[in-house]
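The structure displayed is predicted, hence computed values, not measured ones. Quick note: residue numbers are just sequence positions, from 1. Just so you know, ligand 1 is whichever comes first in the structure, and atom 1 is the first atom listed for that ligand.
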Amino acid sequence: MTLYKIFFCFYCTIVLATLISSTPIWDKNVRAYEPKTNIFDLTIKKVSLAPDGFSRILSTINGQYPGPTIEVNKGDRVVINVHNELGEQTAIHSHGMFQRGTPWFDGTLGQSQCGIPDNYTFTYDYTVSDQFGTYCHSHAMTQYVDGIVGALIIHDPDDPYIAEYDEEILVMLTDYHHTDSQILLESFFTPASGGEETRKLKFLFMVSVPDNGLINGKNNFDCSKAPPGSTCVDNAGLAKFEFIPEKRYRLRIINTSAFSSFFFSIDKHVMEIIEVEGSYTKRNKVHRLPINVAQRYSVIVTANQPVDNYIMRSEFQKECMPDGASKLPIITAIVHYDGAPEDSAPKAAPWKDFLEECIDLDHKTLQPLYEEKLLEATKEMELVIAFHNDSLGIVKAYLNESTYVPDLYSPSLLKVFAGQEYDLPPARNAFIFDNFEVIDVSFINTDNGEHPFHIHGHQFWVLGIGNGTKVDKDALNKVNPIERDTSTIPANGWTVLRFVVDNPGWHLQSGLLMQLIEFPEEIKKMNPPQEWVRLCDLTY
Ligand SMILES: *[C@@H]1O[C@H](CO)[C@@H](O)[C@H](O)[C@H]1NC(C)=O
Ligand SMILES: *[C@@H]1O[C@H](CO)[C@@H](O)[C@H](O)[C@H]1NC(C)=O
Ligand SMILES: *[C@@H]1O[C@H](CO)[C@@H](O)[C@H](O)[C@H]1NC(C)=O
Ligand SMILES: *[C@@H]1O[C@H](CO)[C@@H](O)[C@H](O)[C@H]1NC(C)=O
Ligand SMILES: *[C@@H]1O[C@H](CO)[C@@H](O)[C@H](O)[C@H]1NC(C)=O
């Protein structure tokens with residue numbers, strides 16, 4: 001049973017979205033394509049909401065949970081005005097965005113920016129020139145766990161699958177806590193009393209059994225389990241997806257969990273994977289799809305079953321959760337065919353295919369749609385992941401025995417502009433690359449928990465995943481590996497990723513975190529907006 005699991009890019013974690021019903025989110029027939037500027041206004045504030053019937057204060061975007069979905073086309077400019085009314089500093093990270101030429105808009109506290117102070121507006125402004133797919137925007141630190149998440153969808157005018165589906169549906173999966181993440185974290189960090197170090201570190205960790213799980217922000221909760229004095233309403237309602245018989249749906253599935261991995265499925269319906277994190281794949285039929293924190297898949301589902309109601313399921317992978325998770329229910333939603341009774345409960349008909357828990361879908365079954373020549377590696381790196389007590393008895397995550405401690409008041413990118421990138425202390429876990437490199441990183445996980453891993457500003461090729469602490473170099477796939485941006489490093493196992501250092505900027509690999517500073521000399525020639533520089537004066 002896993003004790004600790006850290007999403008590598010905790011800042012960037014998550015993401016998700018908004019659609020509460022299966023209303024098509026984009027009319028793909030309107031395809032006249034001229035890149036345009038899209039302006040979004042996001043107000044970050046606390047409101048009382050009860051997604052599953054249990055009322056709590058959630059940090060929200062525009063008072064909604066999940067937050068609004070941002071939809072743009074590949075090539076568009078995205079302008080996001082963030083109005084912070086949270087009562088504390090915040091930042092908005094767009095998970096998976098390459099941020100080419102605009103590293104300062106990555107939205108990560110302590111790495112690429114200082115926080116947006118309370119009662120202040122900051123504007124993110126970037127172009128999504130060379131990517132498409134399903135991403136998320138979310139708050140840095142753990143605020144996303146408290147509600148600050150929404151989907152970010154980049155439609156592809158050149159989508160090779162465009163003729164193979166009729167409508168799109170967004171499906172956001174998440175675990176859900178009834179307690180504020182700050183309180184969860186404080187409890188995790190005892191026995192430390194909450195000094196400076198603890199305060200800075202606490203957002204790296206989020207380990208507790210969720211109270212519930214949600215699909216598109218909805219689920220029921222058994223209020224008899226709520227603590228006395230809480231406001232709770234039974235049968236708050238499940239998310240409902242409308243299917244028209246014979247139509248083909250592209251489901252964009254996002255996992256915005258803090259911690260929980262799921263198996264996603266729809267009773268009686270086969271799913272065909274076509275895209276993973278911005279890479280098209282050959283069609284790949286699955287019944288049950290494992291999906292880890294921050295991963296995203298697109299699947300095509302055809303409404304080819306008899307007119308009826310069916311269960312959509314998101315099952316917690318309990319093997320990789322703390323004790324106490326065993327009693328968590330399967331999270332469900334309803335797939336309602338046009339013409340089926342509105343109120344009859346679907347008959348359960350779960351897929352029974354065995355899937356091993358706590359590891360990704362086998363990467364070798366994800367074949368890139370377009371063959372691409374894999375670049376030869378120019379450099380190899382090995383990094384060892386471990387969790388153990390520090391001198392205060394607090395369990396922390398270590399990368400090669402260095403635990404990441406951010407400096408929230410002097411982000412690393414600012415240090416680069418000041419010419420101080422080589423002065424960063426060891427606890428920043430910074431790696432600096434001055435040259436074009438193709439790097440093979442071998443992660444050796446000595447921990448008994450799996451850890452999802454993500455690199456900002458890049459996709460990477462997944463060359464291999466295996467058990468044990470020794471990489472099996474003969475088992476690496478160098479023929480047609482899948483390119484994605486979030487991968488799971490198995491418990492007591494290894495993962496080898498290859499990526500290209502070609503994006504001047506700062507890139508966090510997160511949670512258990514290391515920072516990649518690519519081409520600092522190029523960075524220094526860039527012109528960050530004065531507003532960005534000013535944030536650090538305001539928060540210091
Ligand atoms: C927010 O900022 C405005 C102008 O900067 C100021 O007038 C107002 O008093 C501030 N409100 C709070 C609650 O701090
Ligand atoms: C969501 O992410 C969590 C955290 O890694 C993972 O444990 C879970 O399996 C993911 N959910 C799905 C549906 O994969
Ligand atoms: C991390 O530690 C491993 C094992 O001690 C070592 O082989 C490797 O070179 C180290 N990596 C870096 C980047 O220093
Ligand atoms: C951490 O320290 C506590 C007590 O200080 C001990 O009970 C626990 O076993 C230690 N855990 C690890 C992982 O070393
Ligand atoms: C790792 O080991 C487990 C059980 O020991 C096995 O089921 C699994 O297939 C192995 N995974 C890989 C990638 O070899």
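Ring planes of Phe499 and Phe433: perpendicular class, angle over 60° (limits at 30 and 60°).
Partners of Asn480 under the side-chain contact (heavy atoms from CB on, under 4.5 Å) rule, at least two apart in sequence or in another chain, are Gln367, Pro368, Asn477. In terms of the side-chain contact (heavy atoms from CB on, under 4.5 Å) criterion, residue partners of Glu483 (sequence neighbours excluded) are, by chain and number, Ser279, Glu372, Gln459, Trp461.
Sorted by first then second residue, the salt bridge (Lys or Arg N to Asp or Glu O under 4.0 Å) pairs that include residues 461-471, not counting sequence neighbours, number zero.
The local environment of NZ in Lys473 is sparse, with at most 12 non-hydrogen atoms from other residues, nucleotides or ligands closer than 6.0 Å.
Of the candidates Phe262, Phe263, Phe264, Phe262 is the only one forming a ring pair (Phe, Tyr, Trp, His ring centres under 6.0 Å) with Phe316.
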Does ligand 3 have any N/O atom under 3.5 Å from a protein N/O, and what are those pairs and their distances?
| from | atom 1 | to | atom 2 | distance (Å) |
| --- | --- | --- | --- | --- |
| ligand 3 | 2 (O) | Asn400 | OD1 | 3.1 |
| ligand 3 | 2 (O) | Asn400 | ND2 | 2.5 |
| ligand 3 | 11 (N) | Glu382 | O | 2.7 |
| ligand 3 | 11 (N) | Asn400 | ND2 | 2.8 |

